[in-house]
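Written out below as structure tokens is the structure these notes cover.
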Amino acid sequence: MGEVLLLTKASNTKRRQLVVGNWKMNGSSRENAELLAGVLNGWRGERGADVVICPAFPYLYQVGEILRGSSVMLGAQTLSEQERGAFTGEVSGSMLADLDCKFVIIGHNERRRMQHETDEQVAQKFAAVQRVGLVPILCVGESLQDRDQGKHLDTISRQLNAVFSYTGKQAFENAVLAYEPVWAVGTGKTATPNQADEVHKFMRSQLGGLASKVRILYGGSVKAHNAKQLFALDDIDGALLGGASLDADEFLAICSAAE
Ligand code: PEP
């Protein structure tokens, strides 16, 4: 345990919890079918949390077909900010809507860092998701250097403001936020409850009149053994999972902890 929790109570009741599995560039037809069989076998859907799975583009159709009729929803890992045309290799929002996606992850740190997506581009992608009636899951989070220098809230503020100024705050009525500290994603290092609580409260405070309505997920090495402690915080409304979403038992344990 180590750390003493200094958590303040949020003034609102909790929102419905949401658990999102980001499969990243993993899977094959056979692996997907096996993993989903395990997930659907254990998740009956009558429970108190929403569950979304985001496979790689080539498997959206396969996964969508397997999920059809279940309560588990389909999501995508990114999209093009363009609507259609000569953009080789890109995938549009209307294509994702056509495949029955409900959510799209935007601004994941791997895309910000490796594909050099700018704050402005992330804002355009956010708008592109909403243009076709889907729900963006906007990821924000600081680097280790930002945190060590005490600048983590500045980074998050900059990333949020880029979208606020492009779409207006009202657009967040149909959006999900995810706090994903870069140093915690895929590293096995999870933010402490106090660290996560500080940032989630800050993010909520930036949402103005929508503060009590928007779901804010935590992402960064969430596993079955630490999920419950994070989900107990008033301002954490679920999780965005990478590694843990590739194991049916681990994924289901986290979904159950979210209920
Ligand atoms: C992620 O990629 O969004 C993520 C949270 O990964 P992991 O759970 O593996 O840290």
Worksheet item: Below 6.0 angstrom between ring centroids: does that apply to F164 and F172?
Response: yes
Discussion item. Assess the residue pair D237 and R16 against the criterion (salt bridge (charged side-chain N to carboxylate O under 4.0 Å, His left out)); give the C-alpha distance rounded to whole Å, side-chain angles, the decisive distance to 0.1 Å, and a yes or no.
Written reply: CA-CA 7 Å; D237 304 313; R16 187 174 165 84; over 6 Å; no
Worksheet item: For G75 and C101, which heavy atoms make the closest approach, and how far apart are they?
Response: C-SG, 4.1 Å
Worksheet entry | Heavy-atom pair of closest approach, residues A196 and L230 | CB-CD2, 4.3 Å
Worksheet item: Crowded around F87 CZ? As in, over 12 foreign heavy atoms under 6.0 Å?
Response: yes
Discussion item. Is a donor from one side chain sitting under 3.5 angstrom from an acceptor on the other, for N32 and Q62?
Written reply: yes
Quick one: side chains of residues 116-128, donor-acceptor pairs under 3.5 Å with protein atoms, not counting sequence neighbours, listed by atom name and distance.
unit_1	atom_1	unit_2	atom_2	d
E117	OE2	R111	NE	2.7
E117	OE2	R111	NH2	3.4
T118	OG1	Q121	N	3.0
D119	OD1	R112	NH1	3.0
D119	OD2	R158	NE	2.7
D119	OD2	R158	NH2	3.4
E120	OE2	Q124	NE2	3.2
Q121	OE1	T118	N	3.4
Q121	NE2	E81	OE2	3.1
K125	NZ	L79	O	2.6
K125	NZ	E81	OE1	3.1

Worksheet item: Is it the case that more than 12 heavy atoms not belonging to K24 sit under 6.0 Å from its NZ atom?
Response: yes
Worksheet item: For the residue pair A227 and V222, what are the closest heavy atoms and their distance?
Response: CB-CG1, 4.0 Å
Discussion item. Does any part of the side chain of E83, heavy atoms only, come nearer than 4.5 Å to the side chain of S92, both counted from C-beta?
Written reply: no
Worksheet item: Step by step, would you call S157 with D154 a side chain to side chain donor-acceptor pair (under 3.5 Å)?
Response: CA-CA 5 Å; S157 172; D154 296 338; over 6 Å; no
Item to complete: Could I get the full list of side-chain contact (heavy atoms from CB on, under 4.5 Å) partners for F57, not counting sequence neighbours?
Response: L60, A76, T78, V91, L96
Worksheet item: With no hydrogens and no angle check, is any side-chain donor or acceptor of D247 less than 3.5 Å from a backbone partner on A244?
Response: no
Response to the item:
Here the ring-ring contact (aromatic ring centres under 6.0 Å, His included) pairs for residues 236-259, sequence neighbours left out, are none
Worksheet item: Above 12 or not: heavy atoms from other molecules or residues under 6.0 Å from CD of Q149?
Response: yes
Worksheet item: Is Q195 reaching over with its side chain to a backbone N or O of T192, donor-acceptor style, under 3.5 angstrom?
Response: yes
Worksheet item: Checking Q130 side chain against N174 main chain: does a donor-acceptor pair fall under 3.5 Å?
Response: yes
Discussion item. Within the structure provided, determine whether I137 and V20 are in side-chain contact (heavy-atom separation under 4.5 Å).
Written reply: yes
Fill in: Whether R215 side chain and R15 backbone form a donor-acceptor pair below 3.5 Å
no
Worksheet item: Looking at E142, H200, E198, which hits side chain to side chain donor-acceptor pair (under 3.5 Å) with Y179?
Response: E142
Practice prompt. State whether D234 and K201 are salt-bridged, where the test is any N-O pair (Lys NZ or Arg NE/NH1/NH2 against Asp/Glu carboxylate O) under 4.0 Å.
Written response: no
